[in-house]
There are 2 protein chains.
Amino acid sequence: MVSIYQRIFMDIEAKIISGDWRPGDRIPVEHELVAEYQCSRMTVSKALSALVERGMIVRRRKTGSFVASPQIDRTVMDIQDISTEAELAGHEHRFELLTRKIERLGETEAQQLSEAPDAEILRLQCLHIVDGRPNAIERRIIMLDAVPRAREESFASIPPGKWLLAEVPWSKAKHVIRAVSADTATARILQTERGKACLCLIRQTWQNGRTVTYVEITHPGDRFQFAGTFHPTAN
Amino acid sequence: MVSIYQRIFMDIEAKIISGDWRPGDRIPVEHELVAEYQCSRMTVSKALSALVERGMIVRRRKTGSFVASPQIDRTVMDIQDISTEAELAGHEHRFELLTRKIERLGETEAQQLSEAPDAEILRLQCLHIVDGRPNAIERRIIMLDAVPRAREESFASIPPGKWLLAEVPWSKAKHVIRAVSADTATARILQTERGKACLCLIRQTWQNGRTVTYVEITHPGDRFQFAGTFHPTAN
DNA sequence: TAGTGGTCTAGACCACGGG
DNA sequence: CCGTGGTCTAGACCACTAT
(Lines give C-alpha, C1' and ligand atoms only; values in the text may rest on other atoms or scores of the structure.)
Protein backbone atom coordinates (compact mmCIF):
# COMPACT_ATOMS: atom_id res chain seq x y z
CA MET A 1 0.00 0.00 0.00
CA VAL A 2 1.33 3.39 -0.96
CA SER A 3 0.56 6.26 1.38
CA ILE A 4 -0.83 9.60 0.28
CA TYR A 5 2.35 11.55 0.89
CA GLN A 6 4.33 8.95 -1.05
CA ARG A 7 1.95 9.31 -3.97
CA ILE A 8 2.33 13.09 -3.90
CA PHE A 9 6.10 12.72 -3.69
CA MET A 10 6.27 10.30 -6.61
CA ASP A 11 3.87 12.29 -8.77
CA ILE A 12 5.92 15.45 -8.41
CA GLU A 13 9.23 13.60 -8.79
CA ALA A 14 7.95 12.06 -12.01
CA LYS A 15 6.95 15.47 -13.40
CA ILE A 16 10.46 16.79 -12.70
CA ILE A 17 12.42 13.76 -13.89
CA SER A 18 10.40 13.56 -17.08
CA GLY A 19 11.13 17.17 -17.87
CA ASP A 20 7.46 18.10 -17.67
CA TRP A 21 8.32 20.60 -14.95
CA ARG A 22 11.67 22.28 -15.49
CA PRO A 23 14.03 24.03 -13.07
CA GLY A 24 12.54 27.30 -11.89
CA ASP A 25 8.97 26.22 -12.62
CA ARG A 26 6.56 26.86 -9.82
CA ILE A 27 4.84 23.84 -8.39
CA PRO A 28 1.31 24.04 -6.99
CA VAL A 29 1.07 25.72 -3.61
CA GLU A 30 0.15 23.57 -0.65
CA HIS A 31 -3.55 24.39 -0.56
CA GLU A 32 -3.86 23.43 -4.24
CA LEU A 33 -2.28 20.07 -3.55
CA VAL A 34 -4.55 19.69 -0.53
CA ALA A 35 -7.53 20.16 -2.85
CA GLU A 36 -6.11 17.89 -5.55
CA TYR A 37 -5.31 14.99 -3.25
CA GLN A 38 -8.17 15.59 -0.80
CA CYS A 39 -5.85 15.39 2.18
CA SER A 40 -4.64 17.62 4.99
CA ARG A 41 -1.95 20.22 4.65
CA MET A 42 0.43 18.22 6.88
CA THR A 43 0.36 15.36 4.45
CA VAL A 44 1.24 17.62 1.54
CA SER A 45 3.94 19.24 3.65
CA LYS A 46 5.50 15.88 4.42
CA ALA A 47 5.80 15.08 0.72
CA LEU A 48 7.26 18.48 -0.11
CA SER A 49 9.75 18.27 2.74
CA ALA A 50 10.98 14.96 1.39
CA LEU A 51 11.45 16.55 -2.03
CA VAL A 52 13.48 19.34 -0.44
CA GLU A 53 15.60 16.73 1.32
CA ARG A 54 16.37 15.13 -2.04
CA GLY A 55 17.25 18.52 -3.49
CA MET A 56 14.52 18.39 -6.11
CA ILE A 57 12.58 21.46 -5.05
CA VAL A 58 13.13 24.63 -3.08
CA ARG A 59 10.45 26.25 -0.97
CA ARG A 60 10.18 29.95 -0.34
CA ARG A 61 7.76 31.71 1.92
CA LYS A 62 5.31 33.96 0.22
CA THR A 63 6.42 32.97 -3.29
CA GLY A 64 5.85 29.23 -3.23
CA SER A 65 7.79 26.10 -4.16
CA PHE A 66 9.90 25.70 -7.27
CA VAL A 67 11.77 22.98 -9.12
CA ALA A 68 15.39 23.21 -8.01
CA SER A 69 18.39 23.57 -10.27
CA PRO A 70 19.81 20.24 -11.32
CA GLN A 71 22.38 18.64 -9.12
CA ILE A 72 23.24 15.66 -11.23
CA ASP A 73 26.77 16.87 -11.90
CA ARG A 74 27.58 17.73 -8.33
CA THR A 75 29.95 14.85 -7.99
CA VAL A 76 32.05 16.15 -10.83
CA MET A 77 31.88 19.66 -9.47
CA ASP A 78 33.60 18.42 -6.36
CA ILE A 79 36.71 17.39 -8.21
CA GLN A 80 39.49 19.36 -6.70
CA ASP A 81 42.66 20.58 -8.22
CA ILE A 82 45.27 19.18 -5.90
CA SER A 83 47.98 21.67 -6.82
CA THR A 84 45.72 24.64 -6.20
CA GLU A 85 43.38 23.20 -3.64
CA ALA A 86 43.68 26.32 -1.56
CA GLU A 87 42.57 28.86 -4.08
CA LEU A 88 38.95 28.05 -4.68
CA ALA A 89 38.45 30.91 -7.08
CA GLY A 90 40.33 32.58 -9.89
CA HIS A 91 40.63 29.54 -12.17
CA GLU A 92 40.55 29.97 -15.89
CA HIS A 93 38.45 27.29 -17.56
CA ARG A 94 38.69 26.45 -21.21
CA PHE A 95 37.19 23.76 -23.39
CA GLU A 96 38.19 22.27 -26.73
CA LEU A 97 36.13 19.99 -28.96
CA LEU A 98 38.44 17.34 -30.35
CA THR A 99 36.08 15.09 -32.32
CA ARG A 100 32.39 15.01 -33.19
CA LYS A 101 30.96 12.09 -35.14
CA ILE A 102 27.51 10.63 -35.77
CA GLU A 103 27.69 6.85 -35.74
CA ARG A 104 25.80 3.74 -34.77
CA LEU A 105 26.47 1.95 -31.51
CA GLY A 106 28.84 -1.01 -31.85
CA GLU A 107 28.16 -4.45 -30.48
CA THR A 108 30.46 -4.17 -27.46
CA GLU A 109 29.38 -0.71 -26.42
CA ALA A 110 25.74 -1.55 -26.93
CA GLN A 111 26.09 -4.38 -24.46
CA GLN A 112 27.94 -2.13 -22.03
CA LEU A 113 25.18 0.47 -22.18
CA SER A 114 22.34 -2.04 -22.38
CA GLU A 115 21.11 -0.40 -25.56
CA ALA A 116 20.34 -1.57 -29.08
CA PRO A 117 23.48 -2.27 -31.17
CA ASP A 118 22.36 -0.14 -34.10
CA ALA A 119 21.19 2.90 -32.13
CA GLU A 120 22.28 6.18 -33.63
CA ILE A 121 24.67 8.12 -31.44
CA LEU A 122 26.71 11.28 -31.33
CA ARG A 123 30.27 10.54 -30.26
CA LEU A 124 32.19 13.44 -28.77
CA GLN A 125 35.66 13.87 -27.42
CA CYS A 126 36.74 17.04 -25.72
CA LEU A 127 39.46 18.45 -23.56
CA HIS A 128 38.99 20.58 -20.47
CA ILE A 129 41.76 23.00 -19.68
CA VAL A 130 42.06 24.73 -16.32
CA ASP A 131 44.63 27.46 -15.80
CA GLY A 132 46.33 26.49 -19.03
CA ARG A 133 46.85 22.83 -18.10
CA PRO A 134 44.88 19.88 -19.45
CA ASN A 135 42.49 18.97 -16.70
CA ALA A 136 40.37 16.24 -18.13
CA ILE A 137 39.53 14.40 -21.30
CA GLU A 138 35.86 13.75 -21.84
CA ARG A 139 34.69 10.89 -24.05
CA ARG A 140 30.96 11.00 -24.48
CA ILE A 141 28.16 9.20 -26.25
CA ILE A 142 24.80 10.93 -26.67
CA MET A 143 21.86 8.79 -27.71
CA LEU A 144 20.28 10.62 -30.61
CA ASP A 145 16.89 8.99 -30.26
CA ALA A 146 16.68 10.28 -26.71
CA VAL A 147 18.13 13.70 -27.46
CA PRO A 148 17.49 14.38 -31.15
CA ARG A 149 18.38 18.04 -30.85
CA ALA A 150 22.01 17.12 -30.22
CA ARG A 151 22.24 16.43 -33.96
CA GLU A 152 21.99 20.16 -34.70
CA GLU A 153 24.36 21.28 -31.98
CA SER A 154 28.00 21.75 -32.96
CA PHE A 155 29.37 21.80 -29.38
CA ALA A 156 32.04 24.16 -30.63
CA SER A 157 31.42 26.66 -27.89
CA ILE A 158 29.35 24.93 -25.22
CA PRO A 159 30.57 21.85 -23.31
CA PRO A 160 28.32 18.84 -23.93
CA GLY A 161 27.73 18.38 -20.21
CA LYS A 162 26.48 21.91 -19.83
CA TRP A 163 24.34 21.67 -22.96
CA LEU A 164 22.75 18.42 -21.80
CA LEU A 165 22.04 19.91 -18.40
CA ALA A 166 20.08 22.68 -20.07
CA GLU A 167 18.35 20.23 -22.40
CA VAL A 168 17.70 17.36 -19.99
CA PRO A 169 18.14 18.91 -16.56
CA TRP A 170 16.98 16.02 -14.41
CA SER A 171 17.83 12.40 -14.80
CA LYS A 172 18.87 9.30 -12.95
CA ALA A 173 22.58 8.62 -13.04
CA LYS A 174 25.00 5.87 -12.16
CA HIS A 175 28.61 6.62 -11.38
CA VAL A 176 31.72 4.51 -11.40
CA ILE A 177 35.10 5.76 -10.23
CA ARG A 178 38.20 3.92 -11.40
CA ALA A 179 41.94 4.33 -11.52
CA VAL A 180 43.39 3.65 -14.95
CA SER A 181 46.78 3.91 -16.57
CA ALA A 182 46.96 6.47 -19.33
CA ASP A 183 47.17 4.92 -22.78
CA THR A 184 49.25 6.58 -25.47
CA ALA A 185 46.46 8.76 -26.82
CA THR A 186 45.23 9.84 -23.41
CA ALA A 187 48.74 10.62 -22.21
CA ARG A 188 49.42 12.76 -25.25
CA ILE A 189 46.23 14.76 -24.86
CA LEU A 190 46.63 15.22 -21.12
CA GLN A 191 50.29 16.08 -21.56
CA THR A 192 51.45 13.41 -19.21
CA GLU A 193 53.31 10.13 -19.53
CA ARG A 194 51.97 6.89 -20.87
CA GLY A 195 51.01 4.56 -18.01
CA LYS A 196 50.50 7.43 -15.59
CA ALA A 197 47.71 6.88 -13.04
CA CYS A 198 44.51 8.64 -13.99
CA LEU A 199 41.24 9.04 -12.14
CA CYS A 200 38.34 8.11 -14.34
CA LEU A 201 34.73 9.02 -13.64
CA ILE A 202 32.16 7.11 -15.67
CA ARG A 203 28.57 8.23 -15.68
CA GLN A 204 25.53 6.90 -17.45
CA THR A 205 22.31 8.87 -17.21
CA TRP A 206 18.75 7.93 -18.01
CA GLN A 207 15.51 9.76 -18.50
CA ASN A 208 12.24 7.87 -18.56
CA GLY A 209 14.20 4.64 -18.63
CA ARG A 210 16.12 5.52 -21.78
CA THR A 211 19.84 6.18 -21.82
CA VAL A 212 20.53 9.83 -22.47
CA THR A 213 24.30 9.87 -22.35
CA TYR A 214 27.34 7.90 -21.31
CA VAL A 215 30.54 9.67 -20.46
CA GLU A 216 34.05 8.88 -19.30
CA ILE A 217 35.97 11.77 -17.80
CA THR A 218 39.64 11.05 -17.27
CA HIS A 219 41.80 13.25 -15.06
CA PRO A 220 45.54 13.16 -14.52
CA GLY A 221 45.86 11.39 -11.18
CA ASP A 222 48.60 13.59 -9.85
CA ARG A 223 46.56 16.71 -10.29
CA PHE A 224 43.04 15.73 -9.21
CA GLN A 225 40.98 13.97 -6.61
CA PHE A 226 37.50 13.65 -5.25
CA ALA A 227 36.87 14.90 -1.78
CA GLY A 228 33.91 15.03 0.52
CA THR A 229 31.65 12.76 2.40
CA PHE A 230 30.24 10.23 0.01
CA HIS A 231 27.01 8.41 0.61
CA PRO A 232 26.36 5.75 -1.97
CA THR A 233 22.62 5.48 -2.19
CA ALA A 234 20.60 2.46 -3.10
CA ASN A 235 20.29 2.09 -6.84
CA MET B 1 15.70 29.45 16.51
CA VAL B 2 15.88 25.69 16.70
CA SER B 3 12.62 23.80 16.47
CA ILE B 4 11.56 21.06 18.83
CA TYR B 5 12.00 18.24 16.35
CA GLN B 6 15.46 19.54 15.49
CA ARG B 7 16.41 19.54 19.14
CA ILE B 8 15.19 15.96 19.51
CA PHE B 9 17.08 14.98 16.39
CA MET B 10 20.31 16.58 17.52
CA ASP B 11 20.06 15.24 21.06
CA ILE B 12 19.68 11.67 19.86
CA GLU B 13 22.33 12.09 17.15
CA ALA B 14 24.76 13.37 19.79
CA LYS B 15 24.10 10.36 22.02
CA ILE B 16 24.85 8.02 19.13
CA ILE B 17 27.90 9.84 17.74
CA SER B 18 29.42 10.17 21.18
CA GLY B 19 29.08 6.45 21.78
CA ASP B 20 26.72 6.99 24.69
CA TRP B 21 24.14 4.89 22.88
CA ARG B 22 25.66 2.03 20.91
CA PRO B 23 24.35 0.02 17.96
CA GLY B 24 21.49 -2.19 19.04
CA ASP B 25 20.61 -0.04 22.04
CA ARG B 26 16.97 0.76 22.36
CA ILE B 27 16.09 4.42 22.28
CA PRO B 28 13.11 5.79 24.24
CA VAL B 29 9.75 4.93 22.73
CA GLU B 30 7.72 7.76 21.28
CA HIS B 31 5.49 8.36 24.27
CA GLU B 32 8.56 8.69 26.50
CA LEU B 33 10.03 11.33 24.23
CA VAL B 34 6.65 13.05 24.12
CA ALA B 35 6.78 13.27 27.92
CA GLU B 36 10.43 14.33 27.99
CA TYR B 37 10.08 17.13 25.45
CA GLN B 38 6.50 18.06 26.32
CA CYS B 39 5.43 17.94 22.71
CA SER B 40 3.05 15.99 20.52
CA ARG B 41 3.75 12.58 19.11
CA MET B 42 3.92 13.95 15.55
CA THR B 43 6.83 16.15 16.51
CA VAL B 44 8.74 13.22 17.97
CA SER B 45 7.87 11.15 14.93
CA LYS B 46 9.28 13.79 12.61
CA ALA B 47 12.61 13.75 14.44
CA LEU B 48 12.79 9.95 14.44
CA SER B 49 11.89 9.77 10.76
CA ALA B 50 14.78 12.10 9.98
CA LEU B 51 17.11 9.83 11.94
CA VAL B 52 15.88 6.84 9.96
CA GLU B 53 16.54 8.78 6.75
CA ARG B 54 20.13 9.33 7.85
CA GLY B 55 20.48 5.65 8.68
CA MET B 56 21.20 6.28 12.35
CA ILE B 57 18.26 4.39 13.81
CA VAL B 58 15.87 1.65 12.81
CA ARG B 59 12.26 1.52 13.96
CA ARG B 60 10.30 -1.64 14.50
CA ARG B 61 6.66 -1.95 15.36
CA LYS B 62 5.90 -3.41 18.70
CA THR B 63 9.57 -3.53 19.77
CA GLY B 64 10.59 0.11 19.46
CA SER B 65 13.46 2.07 17.90
CA PHE B 66 17.11 1.09 18.04
CA VAL B 67 20.48 2.56 17.16
CA ALA B 68 21.37 1.22 13.72
CA SER B 69 24.54 -0.64 12.84
CA PRO B 70 27.29 1.70 11.75
CA GLN B 71 27.44 2.67 8.14
CA ILE B 72 30.59 4.69 8.17
CA ASP B 73 32.41 2.16 6.06
CA ARG B 74 29.70 1.77 3.48
CA THR B 75 31.71 3.57 0.84
CA VAL B 76 34.50 1.09 1.19
CA MET B 77 32.08 -1.79 1.22
CA ASP B 78 30.92 -0.74 -2.20
CA ILE B 79 34.29 -1.32 -3.76
CA GLN B 80 33.72 -3.89 -6.39
CA ASP B 81 36.01 -6.51 -7.70
CA ILE B 82 36.02 -5.82 -11.41
CA SER B 83 37.09 -9.27 -12.42
CA THR B 84 34.38 -10.96 -10.42
CA GLU B 85 31.76 -8.27 -10.42
CA ALA B 86 29.12 -10.81 -11.27
CA GLU B 87 29.56 -13.15 -8.35
CA LEU B 88 28.57 -11.14 -5.34
CA ALA B 89 29.16 -14.00 -2.95
CA GLY B 90 31.65 -16.75 -2.38
CA HIS B 91 34.73 -14.62 -1.90
CA GLU B 92 37.45 -15.67 0.46
CA HIS B 93 38.74 -12.80 2.54
CA ARG B 94 42.07 -12.85 4.32
CA PHE B 95 44.04 -10.26 6.23
CA GLU B 96 47.72 -9.94 7.13
CA LEU B 97 49.27 -7.52 9.60
CA LEU B 98 52.51 -6.26 8.11
CA THR B 99 53.70 -3.70 10.64
CA ARG B 100 52.57 -2.39 14.04
CA LYS B 101 54.46 0.43 15.72
CA ILE B 102 53.78 2.93 18.48
CA GLU B 103 55.27 6.30 17.58
CA ARG B 104 54.71 10.01 17.82
CA LEU B 105 53.17 12.00 15.02
CA GLY B 106 55.72 13.72 12.78
CA GLU B 107 55.61 17.36 11.81
CA THR B 108 54.28 16.80 8.26
CA GLU B 109 51.65 14.27 9.18
CA ALA B 110 50.54 16.33 12.15
CA GLN B 111 49.84 19.22 9.85
CA GLN B 112 48.04 16.93 7.42
CA LEU B 113 45.78 15.61 10.17
CA SER B 114 45.46 18.92 12.00
CA GLU B 115 46.71 17.28 15.18
CA ALA B 116 49.52 17.97 17.63
CA PRO B 117 52.98 17.01 16.29
CA ASP B 118 53.92 14.94 19.33
CA ALA B 119 50.67 13.01 19.67
CA GLU B 120 51.15 9.35 20.38
CA ILE B 121 49.91 7.10 17.61
CA LEU B 122 49.67 3.50 16.58
CA ARG B 123 50.90 3.02 13.04
CA LEU B 124 49.61 -0.05 11.23
CA GLN B 125 50.12 -1.50 7.82
CA CYS B 126 48.15 -4.46 6.60
CA LEU B 127 47.30 -6.36 3.50
CA HIS B 128 43.86 -7.51 2.46
CA ILE B 129 43.67 -10.61 0.32
CA VAL B 130 40.55 -11.63 -1.56
CA ASP B 131 40.36 -14.96 -3.32
CA GLY B 132 44.09 -15.37 -2.95
CA ARG B 133 45.01 -12.08 -4.62
CA PRO B 134 46.22 -8.93 -2.89
CA ASN B 135 43.23 -6.66 -2.84
CA ALA B 136 44.33 -3.66 -0.88
CA ILE B 137 47.09 -2.30 1.26
CA GLU B 138 45.93 -0.41 4.32
CA ARG B 139 48.13 2.21 5.97
CA ARG B 140 46.56 3.44 9.16
CA ILE B 141 47.21 5.80 12.02
CA ILE B 142 45.21 5.42 15.23
CA MET B 143 45.32 8.28 17.71
CA LEU B 144 46.12 6.66 21.04
CA ASP B 145 44.76 9.49 23.14
CA ALA B 146 41.39 9.07 21.44
CA VAL B 147 41.43 5.27 21.45
CA PRO B 148 43.74 4.20 24.28
CA ARG B 149 42.59 0.59 24.15
CA ALA B 150 44.27 0.18 20.76
CA ARG B 151 47.56 0.02 22.67
CA GLU B 152 46.61 -3.39 24.06
CA GLU B 153 45.26 -4.81 20.81
CA SER B 154 47.67 -6.79 18.66
CA PHE B 155 45.55 -6.68 15.48
CA ALA B 156 46.98 -10.06 14.62
CA SER B 157 43.60 -11.57 13.95
CA ILE B 158 41.14 -8.72 13.63
CA PRO B 159 41.40 -6.04 10.94
CA PRO B 160 41.87 -2.57 12.46
CA GLY B 161 38.86 -1.21 10.60
CA LYS B 162 36.62 -3.86 12.06
CA TRP B 163 38.08 -3.44 15.54
CA LEU B 164 37.59 0.33 15.42
CA LEU B 165 34.03 -0.11 14.23
CA ALA B 166 33.32 -2.20 17.31
CA GLU B 167 35.16 0.23 19.55
CA VAL B 168 34.00 3.53 18.03
CA PRO B 169 31.00 2.59 15.93
CA TRP B 170 29.77 6.05 14.97
CA SER B 171 31.85 8.97 13.85
CA LYS B 172 32.10 11.75 11.35
CA ALA B 173 34.31 10.96 8.39
CA LYS B 174 35.86 12.71 5.44
CA HIS B 175 36.80 10.80 2.32
CA VAL B 176 39.16 11.53 -0.52
CA ILE B 177 39.47 9.36 -3.59
CA ARG B 178 42.63 9.58 -5.67
CA ALA B 179 44.43 7.78 -8.43
CA VAL B 180 48.10 7.17 -7.66
CA SER B 181 50.93 5.32 -9.30
CA ALA B 182 52.21 2.41 -7.28
CA ASP B 183 55.59 3.08 -5.72
CA THR B 184 58.09 0.26 -5.42
CA ALA B 185 56.96 -0.91 -2.00
CA THR B 186 53.27 -0.77 -2.84
CA ALA B 187 53.78 -2.58 -6.12
CA ARG B 188 55.70 -5.34 -4.40
CA ILE B 189 53.06 -5.86 -1.75
CA LEU B 190 50.14 -5.72 -4.19
CA GLN B 191 52.00 -7.99 -6.61
CA THR B 192 51.72 -5.56 -9.45
CA GLU B 193 54.14 -3.37 -11.36
CA ARG B 194 55.74 -0.19 -10.19
CA GLY B 195 53.91 2.84 -11.62
CA LYS B 196 50.67 0.92 -12.07
CA ALA B 197 47.52 2.96 -11.53
CA CYS B 198 45.99 2.41 -8.10
CA LEU B 199 42.77 3.65 -6.59
CA CYS B 200 43.41 5.19 -3.20
CA LEU B 201 40.72 5.88 -0.63
CA ILE B 202 41.73 8.19 2.18
CA ARG B 203 39.53 8.53 5.21
CA GLN B 204 39.87 10.56 8.38
CA THR B 205 37.33 10.03 11.12
CA TRP B 206 36.52 12.08 14.18
CA GLN B 207 34.58 11.53 17.34
CA ASN B 208 33.66 14.45 19.54
CA GLY B 209 35.90 16.65 17.44
CA ARG B 210 39.02 14.52 18.00
CA THR B 211 40.69 12.52 15.27
CA VAL B 212 40.19 8.83 15.84
CA THR B 213 41.98 7.38 12.84
CA TYR B 214 43.43 8.23 9.47
CA VAL B 215 43.70 5.55 6.82
CA GLU B 216 44.85 5.18 3.25
CA ILE B 217 43.56 2.11 1.44
CA THR B 218 45.24 1.47 -1.89
CA HIS B 219 43.75 -0.93 -4.42
CA PRO B 220 45.21 -2.17 -7.69
CA GLY B 221 43.44 -0.03 -10.27
CA ASP B 222 42.91 -2.79 -12.77
CA ARG B 223 41.04 -4.90 -10.28
CA PHE B 224 38.83 -2.47 -8.41
CA GLN B 225 36.43 0.41 -8.72
CA PHE B 226 33.76 2.29 -6.89
CA ALA B 227 30.25 2.09 -8.21
CA GLY B 228 26.94 3.54 -7.25
CA THR B 229 25.20 6.82 -7.06
CA PHE B 230 27.30 9.19 -5.04
CA HIS B 231 25.93 12.20 -3.25
CA PRO B 232 28.65 14.33 -1.79
CA THR B 233 27.12 15.98 1.22
CA ALA B 234 28.02 19.32 2.67
CA ASN B 235 30.93 19.05 5.02
C1' DT C 1 -3.81 -9.35 22.81
C1' DA C 2 -1.36 -5.39 23.67
C1' DG C 3 2.38 -2.27 22.60
C1' DT C 4 4.60 -0.06 19.10
C1' DG C 5 5.26 2.59 14.99
C1' DG C 6 2.84 4.57 10.35
C1' DT C 7 -0.10 7.63 8.80
C1' DC C 8 -3.50 11.04 8.80
C1' DT C 9 -6.76 15.00 10.24
C1' DA C 10 -8.45 19.73 10.93
C1' DG C 11 -7.31 22.91 12.77
C1' DA C 12 -3.68 26.62 14.92
C1' DC C 13 -0.08 30.33 15.40
C1' DC C 14 4.00 32.25 13.67
C1' DA C 15 7.87 34.07 10.47
C1' DC C 16 9.02 35.69 6.38
C1' DG C 17 8.94 38.66 2.55
C1' DG C 18 6.79 40.75 -1.83
C1' DG C 19 3.63 44.46 -3.01
C1' DC D 1 -0.82 43.94 4.33
C1' DC D 2 -1.52 39.11 3.43
C1' DG D 3 -0.21 34.79 1.05
C1' DT D 4 3.12 31.55 1.66
C1' DG D 5 5.66 28.00 4.05
C1' DG D 6 7.37 26.21 9.07
C1' DT D 7 5.98 24.20 12.85
C1' DC D 8 3.00 22.27 16.16
C1' DT D 9 -1.20 20.07 18.55
C1' DA D 10 -4.31 16.51 20.37
C1' DG D 11 -6.30 13.53 19.01
C1' DA D 12 -7.51 9.24 15.61
C1' DC D 13 -7.36 4.66 13.20
C1' DC D 14 -4.68 1.10 11.37
C1' DA D 15 -0.77 -2.46 10.63
C1' DC D 16 2.48 -5.09 12.38
C1' DT D 17 4.43 -8.34 15.52
C1' DA D 18 6.30 -10.24 20.00
C1' DT D 19 4.32 -12.73 23.48
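Chain letters run A, B, ... following the sequence lines, proteins first and then strands; every chain starts at 1.
In this structure, A:Arg59 is not positioned above the aromatic face of A:Phe66 in the sense of NZ or CZ being under 6.0 Å from the six-membered ring centre and within 45° of the axis.
Looking at residues two or more places apart in sequence or on another chain, you find a salt bridge (Lys or Arg N to Asp or Glu O under 4.0 Å) between A:Glu120 and A:Arg151. Every residue meeting the salt bridge (Lys or Arg N to Asp or Glu O under 4.0 Å) condition with B:Glu167, not counting sequence neighbours, appears here in chain and number order: B:Arg149.
In this structure, the NZ atom of A:Lys46 is 7 Å from the P atom of C:dC8, given to the nearest Å. For the pair A:Gln6 CD and C:dC8 C1', the interatomic distance rounds to 13 Å; values are reported in whole Å. Atoms CZ (B:Phe9) and P (D:dT7) sit 13 Å apart, rounded to a whole Å. With rounding to whole Å, B:Glu32 atom CD is found 13 Å from C:dG3 atom P. Rounded to a whole Å, the CG atom of A:Leu48 is 14 Å from the C1' atom of D:dT7.
The shortest distance between the side-chain N/O atoms of A:Tyr5 and the OP1/OP2 oxygens of C:dC8 is not below 4.0 Å. Distances shorter than 4.0 Å separate some side-chain N or O of B:Arg59 from OP1 or OP2 on C:dG6. In this model, the phosphate group of D:dG6 is not approached by any side-chain N or O of B:Ser3 to a distance below 4.0 Å at OP1 or OP2. Checking the phosphate oxygens (OP1, OP2) of C:dT7, no side-chain nitrogen or oxygen of A:Arg7 falls inside 4.0 Å.
Separation of atoms CD (B:Glu138) and NE2 (B:His128) is listed at 4.0 Å; rounding is to 0.5 Å.
The shortest distance between side-chain heavy atoms of B:Leu164 and B:Ile142 falls below 4.5 Å.
A:Ser45 comes within 4.0 angstrom of a base, heavy atoms only.
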Point to revise | Under 4.0 Å protein heavy-atom contact, by nucleotide of nucleotides 9-19 of chain D - B base, S sugar-phosphate only | key: BB-B--BBBB-
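Across B:Arg61, B:Arg41, B:Lys46, a single residue satisfies salt bridge (charged side-chain N to carboxylate O under 4.0 Å, His left out) together with B:Glu30, and that is B:Arg41.
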